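First up is the structure itself, then whatever we jot down about it.
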Amino acid sequence: MMTSKEIRESFKDFFANRGHQIVPSAPMVIKDDPTLMFTNAGMNQFKNIILGNDAIKYPRIADSQKCLRVSGKHNDLEEVGRDTYHHTMFEMLGNWSFGDYFKKEAIEYAWEFLAEVLKLDKNRLYVTVFEGSPAENLERDDEAAGYWAKYLPENRIINGNKHDNFWEMGDTGPCGPCSEIHIDIRPESERQRVDGLSLVNQSHPQVIEIWNLVFMQYNRKADGSLEPLPNRVIDTGMGFERLCMAMQGKTSNYDTDVFTPIIKEIEKITGEKYAV
Ligand code: GLY
């Protein structure tokens, strides 16, 4: 079984071997952006590059970013302590392309890493694509769906709405259609009984999103309009603790080795047994 440390390293190695500069996690408290208090995604530290205000130093970057989702547009606070797969602070594995590769390679890399490198069961993976939004004059993401069709049967490529498949950093800022990868980690008997397809995006604790590939093309302005970005940008975010849960055959993030050593230590200090 791969440890969480090995999983994190294999992600970085995979992208380093494909020309990505590996950078450190940015601080979680944001100092120079009045639109956001805490880092809520890996892309935050690259916002000014994405908007074209800063020069592109490395066209390809990957990292593991510490995030805090406790307020604003991305707020997981109500889920924490109630379910097995949301956290206030969590780690997000991400890869970026600034005006370099776009949808095709982002999808190829993601699939290769999950299915070939980590060897997750391909039959347990589902993907979603943006269904479009006539109100915003945005079309269905047929292009992404076409690339996914190389790997998955048509019925496991699911249309998703603006809420799930158009990712925005906040009320303003970089945004674009996205494709999410979901995994079904239920026991085989349960999978025979209920098709995983019907459980994607239904808040089932064992049919969960693990990776979001964002195809950034717009800047959301304060008046709500969408302005094209100077470059097309790939911005991905994978839930590290969830990936560890899937890789380690667990049904709760808290049962992975990201948390168990801490829980054991707390048991020792308090003399209390951890019980779910
Ligand atoms: N920026 C991609 C994500 O947070 O899902």
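Numbers here are sequence positions counted from 1. Every value quoted in this text rests on a predicted model; they were computed, and no experiment measured them. All ligand and atom numbering here is 1-based and tracks the order in the structure.
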Practice task
Establish, from distance only, whether the side-chain atoms of Asn44 and Gln65 form a donor-acceptor pair under 3.5 Å.
Solution key: no

Identify, by atom number and element, the atoms of ligand 1 in contact range of [X], meaning under 4.0 Å from any of its heavy atoms.
X	result
Val214	2 (C)
Met92	4 (O)
Ala41	1 (N), 4 (O)

Handout entry: Non-hydrogen atom of Arg69 closer than 4.0 Å to ligand 1
Key = yes

Practice task
Mark the output for Met169 as yes if a heavy-atom distance to ligand 1 is under 4.0 Å, and as no if none is.
Solution key: no

Polar side-chain atom of [X] near backbone of [Y] as donor-acceptor pair, under 3.5 Å:
X	Y	value
Asn161	Asp164	yes
Asp257	Ser4	yes
Ser179	Thr128	yes

Practice task
Around atom 1 (N) of ligand 1, find the nearest protein heavy atom and jot down its residue, atom name and distance.
Solution key: Asp235 OD2, 2.7 Å

Exercise for the section: Would you mind checking which non-hydrogen protein atom is closest to atom 5 (O) of ligand 1, with the distance to 0.1 Å? Expected result: Asn212 ND2, 3.0 Å

Handout entry: Side chain, backbone, both or neither: His74 near ligand 1, heavy atoms under 4.0 Å
Key = neither

Problem - Stacked cation flag Arg18 on Phe14, 6.0 angstrom / 45 deg - result: yes

Exercise for the section: Please round to the nearest 0.5 Å and tell me the distance separating atom OG1 of Thr35 and atom CG of Asp171. Expected result: 8.5 Å

